[in-house]
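Structure record follows, encoded as structure tokens.
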Amino acid sequence: MKSCLIVDDSKVIRMVARKILEELKFETREAADGQQALDSCKESLPDAVLLDWNMPVMSGIEFLRELRALPGGGGPIVVFCTTENDIQHIQEAIEAGANEYIMKPFDSEIIQGKFSQVGLL
Amino acid sequence: MKPEDFQFMSTMLKQRSGLVLNEDKAYLLESRLMPVSRAHNIKGVEELIAEIRKTNNEALIVEVTEAMTTNESFFFRDIKPFDMFKDHVLPHVLEKCAAKKSLRIWCAAASNGQEPYSLAMILKEEAAKLAGWKIEIIGTDISRQVLKKAEQGLYSQFEVQRGLPITLLVKYFDKQDDQWQIKPEIRSMVQYKYYNLLDSLTALGHFDVVFCRNVLIYFDQPTKGKVLEEISKLMPDYGMLFLGGAETVLGVSDKFAPVAGQRGVYALTGK
Ligand SMILES: C[S@@+](CC[C@H](N)C(=O)[O-])C[C@H]1O[C@@H](n2cnc3c(N)ncnc32)[C@H](O)[C@@H]1O
């Protein structure tokens, strides 16, 4: 079973994402901001990260840069999932090492499609 | 809906576009023709059908025929056929066309343009191999409405998240308010034309590769066979045909045979 860390400051969104990912047979963990996510990754690296951008304490993009600098931190496949939907943000995410990018609102079809594109399904 | 109305409509649609409408799909007439009725200030679908039966109004018939088409499509649909195009079919036809250095590709049911633009993006990515080549991609459809959208190349956020890798989105699309428009460099690689697959196809010219995906499923067996036969006449012996995931030539036409190991790809048999 593959693992996915769901990072979003909205409990509701985490719940929706968790339901979708569990249906896709992922083992899920959650974090409410970038710092929590980073701590979780330092304990053990997940196969995938579904990552919000704007969060308190540490943003998604800051988390991603820290993650990629960790030993083995290049491993997890990171899929942004955010309301930021302009080219600049998307480009910044790709440069920081994001593998895919979902513009909210999302549904299970979009998550499933993007996850299979990056070889997680 | 009155049985004779249904009968009239299904006969007309089959004649016009090949669409087979079984009785269990009668609700489709209601749901898709309601907007047409409204646009013409006609009370309901029953009255719309009565109007067509009475006046035989050609413009209205065309509009109704278009409204009954299913235009669902997305970028890199089913992904594998596009990988096979890039990895197997393209090298194969490039070798065969090396002398003339020109390649013609046809999307025979182009819908909103996602299929031809997916191919155009692949070819753009492979540009290094194609220097000096003349490449044409022709997208045709029976629905003028989808052709218009295809020509604009303007897609919603939802549409660009179906099948399109994010790297290709940032590379080949411009954001227009909350929509995304394909860049002119890709847009200009595709030419769109109105074409009914039931008509004689010879005027379209020859094609080295044909995508005819997810349209034959709407036709009956004899129509499928006839269209495949017409398509085969437009292709050189090395030509390659792509069909949709739920479509096959087996038991339909002996002009094509599946290519081993490449699902959805068909080669001419020479019969
Ligand atoms: C489901 S879409 C397929 C789009 C694309 N090829 C794909 O696979 O995603 C089917 C298209 O076939 C078109 N179509 C239906 N009957 C046709 C006909 N007789 N001649 C040409 N196009 C037709 C419809 O207008 C519609 O856009």
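Letters A, B, ... mirror the listed sequences (proteins, then strands); counts begin at 1.
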Which pairs of donor and acceptor atoms, one on a side chain in residues 242-250 of chain B, lie under 3.5 Å apart (sequence neighbours left out)?
from     : atom 1 : to       : atom 2 : distance (Å)
B:Glu247 : OE1    : B:Asn214 : N      : 3.0
B:Glu247 : OE1    : B:Gly244 : N      : 2.6
B:Glu247 : OE2    : B:Asn214 : N      : 3.1
B:Glu247 : OE2    : B:Val215 : N      : 3.0
B:Glu247 : OE2    : B:Leu216 : N      : 3.1
B:Glu247 : OE2    : B:Ile217 : N      : 3.1
B:Thr248 : OG1    : B:Leu250 : N      : 3.1

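A:Gln91 places no side-chain N or O within donor-acceptor distance of the main-chain N or O of B:Val170, the cut-off being under 3.5 Å.
Going from atom CZ of B:Phe158 over to atom CD of A:Glu109 covers 4.5 Å, rounded to the nearest 0.5 Å. For the atom pair CD1 (A:Ile90) and NZ (B:Lys175), the distance works out to 7.5 Å, reported to the nearest 0.5 Å. With rounding to the nearest 0.5 Å, the separation of CD1 in A:Ile87 from CZ in B:Phe173 is 10.0 Å.
Residues B:Gln161 and A:Tyr101 come closest through the heavy atom pair OE1-O, 3.8 Å. Across every non-hydrogen atom of B:Leu164 and A:Lys114, the tightest pair is O-NZ, 3.3 Å.
Atom NZ of B:Lys183 sits in a crowded spot, with more than 12 heavy atoms from other residues, nucleotides or ligands closer than 6.0 Å. Other residues, nucleotides and ligands contribute over 12 non-hydrogen atoms within 6.0 Å of the CD atom of B:Glu30. Surrounding NZ of B:Lys149 are more than 12 heavy atoms belonging to other residues, nucleotides or ligands, all under 6.0 Å away.
For A:Asn85, the parts sitting under 4.5 Å from any heavy atom of chain B are the backbone and the side chain alike. At a 4.5 Å heavy-atom cutoff, the contact between A:Gln117 and chain B is made by side-chain atoms alone.
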- Message: Before you tell me yes or no, could you show the steps for A:Met103 and B:Val160 under side chain to side chain contact (heavy atoms under 4.5 Å, CB included), namely the whole-Å CA-CA distance, both residues' side-chain angles and the distance that decides it to 0.1 Å?
- Response: CA-CA 10 Å; A:Met103 298 174 272; B:Val160 297; 4.1 Å; yes

